[in-house]
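Beneath this line is the structure, given in structure tokens, with notes to follow.
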Amino acid sequence: MTSEPITIETDVLVIGSGAAGMYAAIEAARGGARVFLIDRSLIGRGGATVMAQMTVAVALGEEVPDAPQHHYDDTIAAGRGLCDEALTQLLCEEAPGCIRELDAWGVGWARKDNHITATAAPGHDRPRCVYVDFINTGPAVSKTLRTVMARNKDIRKAGDICITDLVAGADGEIAGAVGWHLSSGAPVAIAAKATVLATGGLTRLYRRNSASLNMGGDGYALALRAGGSLIDMEFVQFFPIGHLAPRLVGMDPIMWDPFRYKLGGRLLNGRMEEFTSRYGSDEDGKYTLPRDLATFAIFREVEAGRGSPHGGAYLSFEHCTAAALRAAFGPVIDRLAANAIDLTRMPVEVAPIAHYHMGGVVADAQMQTELPGLFAAGEVVGGANGANRLSGNAISEALVFGRRAGRSAAARAKKIARRGWKDLRPNDGRAALELVGNANGGGRGLNTAAMIARLQAIMSDEVGPFRTAAKLDRALADIAALTGELGERPPRRADAADYDLQRLEWFDLRNMLLVAGTVAQSALARTESRGSHQREDFPQTLPHWRRHQRVRLAGAALQVTGAPAEALVS
Ligand SMILES: Cc1cc2nc3c(=O)[nH]c(=O)nc-3n(C[C@H](O)[C@H](O)[C@H](O)COP(=O)(O)OP(=O)(O)OC[C@H]3O[C@@H](n4cnc5c(N)ncnc54)[C@H](O)[C@@H]3O)c2cc1C
């Protein structure tokens with residue numbers, strides 16, 4: 001039995017309300033479209049954007065001379081030969097315009113001597129990262145975009161709606177989406193002349209991550225099932241100095257980075273020795289080591305039995321005076337004190353955590369995906385950062401790509417006379433609706449929470465930053481077993497008139513397992529080491545592998561293409 005769906009029609013549907021989705025909505029409305037912005041969480045409070053505490057990379061050049069070309073050069077270098085140059089160029093050239101527009105909207109970028117100030121970050125050749133204050137950059141960006149949207153009557157918004165499938169029209173073009181209202185369980189069908197996918201990243205796939213619960217890679221799975229392809233899925237970025245111990249409440253786990261830039265916090269192994277120079281760093285008290293190399297160095301020390309007690313490294317600011325710490329950390333010092341952490345007297349323990357995804361949906365510089373009618377923006381897009389992302393580039397990417405996607409979506413919507421739910425391809429729409437609407441689902445006995453934990457363990461243990469064919473084969477077998485266990489129909493409580501967590505976890509697993517497969521399979525196919533993808537059985541970076549891999553669904557199976565002829569032979 002299928003309950004009647006709530007049906008909605010709009011010019012532009014935006015899925016996901018992080019920085020990318022909100023900027024897309026604003027820009028699409030500016031382009032004359034009626035916009036419907038939806039999110040599975042609260043609008044503007046759901047994904048990574050609102051959690052980002054640090055900085056945004058942009059070549060403003062207000063303090064020291066800078067130009068988008070320098071930003072581009074650094075991004076390309078960090079990407080280890082794999083950046084999609086058109087996307088990188090767009091990111092670097094248009095970031096200043098977005099940052100200034102946010103400034104005009106009142107975001108409150110930190111200023112010195114009346115100009116926007118910028119801080120240094122690893123991999124950037126000069127201070128280039130703007131911020132709001134010690135910990136509020138992402139929240140301020142979110143709040144500003146929410147405020148701008150609130151004044152715009154052409155933007156309708158709805159939280160608490162989880163999209164489960166994109167739907168094509170009779171002409172085969174993407175014409176909307178199907179999902180369900182999480183609180184009531186009601187199915188939802190949205191017809192749109194253009195759709196923007198802005199669903200963020202996938203780091204919830206890993207046991208230790210900086211993600212929120214809604215970052216399980218939904219957008220990648222939606223694009224795959226609709227017939228799109230993904231690029232560079234093997235490149236998951238691990239943030240090297242995520243907080244590990246002691247217990248820390250009320251701060252984001254990647255909080256240590258800016259303080260390390262400012263104060264040169266020392267990384268020490270379990271024997272209290274500095275060790276990054278063993279892995280090619282010449283940071284010499286300053287923090288210049290890119291994320292992939294820092295991750296590598298810490299993992300290797302732990303593996304060699306020289307880790308800190310909880311399996312990471314020490315980060316020490318004990319060489320700093322209390323006054324210097326207070327000046328650099330501001331009110332954060334009080335939050336640390338509330339957690340019984342006194343940096344003048346003790347180091348903390350840090351370790352790499354899954355933080356960002358470089359791979360994603362294939363899109364061109366208009367943010368048009370391979371599927372007509374579908375645009376993509378933000379972290380869900382693959383390619384701009386190649387095999388390794390520079391600090392601060394993710395928020396710029398979300399803003400720039402969001403603005404561009406919104407503009408493109410509005411332009412497309414103008415060309416389409418009308419699109420209603422009845423115009424959608426009947427088979428696609430019906431199957432998607434039956435899945436969200438079915439009252440008699442299976443799988444009541446499934447422990448979906450335990451299955452998510454198992455998947456996270458598999459991904460961390462076998463598909464972490466250091467990979468081998470044996471580990472990846474094991475991961476793929478385990479992912480296939482979990483997929484079989486999950487079955488085809490979501491469970492549904494008999495009294496399911498309200499929030500059904502097990503049902504939501506079933507839909508999450510449906511996407512997480514598919515996306516985990518794309519990461520593991522792409523990693524298995526790439527028989528070299530590059531950036532954030534390190535193969536212990538193929539440690540060299542090989543010139544003939546300077547190419548992208550794509551993955552798509554061929555029937556029910558994932559198909560990875562792009563390996564060079566040399567790799568296929570070996
Ligand atoms: C803790 C943390 C700190 C960070 N710090 C920085 C930093 O300082 N500088 C920097 O440049 N980058 C930083 N990053 C990365 C950066 O924040 C993200 O890459 C960027 O904000 C992504 O923006 P987005 O709009 O693409 O996605 P998000 O902001 O993640 O938004 C995606 C939205 O899509 C919604 N969604 C997902 N699936 C569905 C679905 N099926 N149906 C409906 N809605 C859905 C989610 O609920 C979410 O609200 C940080 C990331 C984290 C996690």
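If you read the sequence from its start, that first residue is 1, and numbering goes on from there. Start at 1 and go down the list; that is how both ligands and their atoms are numbered.
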statement: Looking at A198, S142, G46, the heavy atom closest to atom 32 (C) of ligand 1 belongs to A198
- request: Please work out whether the ring planes of F259 and F329 are parallel, tilted or perpendicular, with thresholds of 30° and 60°.
  value: parallel
message: Hydrogens and angles aside, do D39 and S17 bring a side-chain donor and acceptor to less than 3.5 Å of each other?
response: yes
query: Which residue holds the protein heavy atom closest to atom 34 (O) of ligand 1, what is that atom called, and what is the gap in Å?
result: G16 CA, 3.3 Å
- prompt: With backbone taken as N, CA, C and O and side chain as the heavy atoms from C-beta onward, which portion of I161 lies under 4.0 Å from ligand 1: side chain, backbone, both, or neither?
  reply: backbone
statement: Closest heavy-atom approach to atom 29 (O) of ligand 1 among L197, N385, T49 is made by T49
query: Does an N or O from I38, backbone or side chain, lie closer than 3.5 Å to an N or O of ligand 1?
result: no
task: Compute the centroid of each ring, for H71 and then for H124, and state whether the two points are separated by less than 6.0 Å.
output: yes
- request: Give yes or no for whether the N/O distance cutoff of 3.5 Å, strictly under, is met between N214 and ligand 1.
  value: yes
query: Hey, does A211 come in under 3.5 Å of ligand 1, counting only N/O atoms on both sides?
result: no
message: Counting neighbours of CZ on R146 that are heavy atoms of other residues, nucleotides or ligands and sit closer than 6.0 Å, is the number greater than 12?
response: yes
- prompt: Looking just at side-chain N and O atoms, do N393 and T75 make a donor-acceptor pair shorter than 3.5 Å?
  reply: yes
query: Of all the non-hydrogen atoms in the protein, which one sits nearest to atom 12 (N) of ligand 1, and at what distance?
result: A394 CB, 3.4 Å
- request: Could you tell me how the ring of Y23 sits relative to the ring of W105: parallel (under 30°), tilted (30 to 60°) or perpendicular (over 60°)?
  value: tilted
query: Residues two or more places apart in sequence or in another chain: which of them pass side chain to side chain donor-acceptor pair (under 3.5 Å) with T119?
result: none
For atom 49 (O) of ligand 1, the protein heavy atom that lies nearest, with its residue and separation: D39 OD2, 2.6 Å
message: Can you tell me which portion of N393 lies within the under-4.0 Å heavy-atom range of ligand 1? Options are side chain, backbone, both, or neither.
response: backbone
field: Top protein contact for atom 30 (O) of ligand 1, by heavy-atom distance
entry: A48 N, 2.8 Å
message: Below the 3.5 angstrom mark, is there an N/O of G201, backbone or side chain, next to an N/O of ligand 1?
response: no
query: If we only count N/O pairs under 3.5 Å, is L222 in contact with ligand 1?
result: no
task: Could you check atom 38 (N) of ligand 1 against the protein and tell me its nearest heavy-atom contact, residue, atom and distance included?
output: D218 OD2, 3.3 Å
- request: Return a yes/no value for Y356: is any of its N or O atoms, backbone included, closer than 3.5 angstrom to an N or O of ligand 1?
  value: no
message: So, taking the atom named CZ in R204 and the one named CG in L213, what distance separates them when rounded to the nearest 0.5 Å?
response: 5.0 Å
field: Atoms in ligand 1 with a heavy atom of A398 nearer than 4.0 Å
entry: 23 (O)
message: Within the structure, is a non-hydrogen atom of G392 found at a distance of less than 4.0 Å from ligand 1?
response: yes
task: For ligand 1, note which part of P253 has a heavy atom under 4.0 Å away: side chain, backbone, both or neither.
output: neither
query: So, Y356 versus F238, ring centres under 6.0 angstrom or not?
result: no
task: Look at the side chain of T49 and the backbone N and O of S142, then say whether any donor-acceptor pair between them is shorter than 3.5 Å.
output: no
- prompt: Any side-chain heavy-atom pair from L13 and K193 closer than 4.5 angstrom?
  reply: no
- request: State, without any angle test, whether N136 and Q53 hold a side-chain donor-acceptor pair at a distance under 3.5 Å.
  value: no
task: Give yes or no for whether the N/O distance cutoff of 3.5 Å, strictly under, is met between I395 and ligand 1.
output: yes
- line: The answer for which part of R389 has a heavy atom under 4.0 Å from ligand 1 is side chain
task: Mark up the atoms of ligand 1 that fall under 4.0 Å of a heavy atom belonging to C162, in ascending order.
output: 41 (N), 42 (N)
task: Could you tell me whether some N/O pair between S396 and ligand 1 is separated by less than 3.5 angstrom?
output: no
query: Got the closest protein heavy atom to atom 52 (C) of ligand 1, with its distance?
result: H355 CE1, 3.5 Å
message: Between N511 and R225, is there a side-chain donor-acceptor contact under 3.5 Å, judged purely by atom types and distance?
response: yes
query: Taking distance alone, with no angle check, do I254 and ligand 1 share an N/O pair under 3.5 Å?
result: no
message: We want to know whether S408 and Q368 form a side-chain donor-acceptor pair, criterion being a heavy-atom distance below 3.5 angstrom.
response: no
message: Counting only heavy atoms closer than 4.0 Å, does ligand 1 sit against the backbone of S210, its side chain, both, or neither?
response: both
query: Among protein heavy atoms, which lies nearest atom 7 (C) of ligand 1, and at what distance?
result: T55 O, 3.6 Å
query: Do H310 and E349 get their side chains close enough for a donor-acceptor pair, meaning under 3.5 Å?
result: yes
task: Looking only at distances, please establish whether an N/O atom of ligand 1 is found under 3.5 Å from an N/O atom of A19.
output: yes
- request: Please report which non-hydrogen protein atom sits nearest to atom 5 (N) of ligand 1, along with the residue it belongs to and the distance in Å to one decimal place.
  value: A52 CB, 3.3 Å
message: Using heavy-atom distances only, which candidate in V58, V50, T164, I163 approaches atom 42 (N) of ligand 1 most closely?
response: I163
- prompt: Which of parallel (below 30°), tilted (30 to 60°) and perpendicular (above 60°) describes F507 and W180?
  reply: tilted
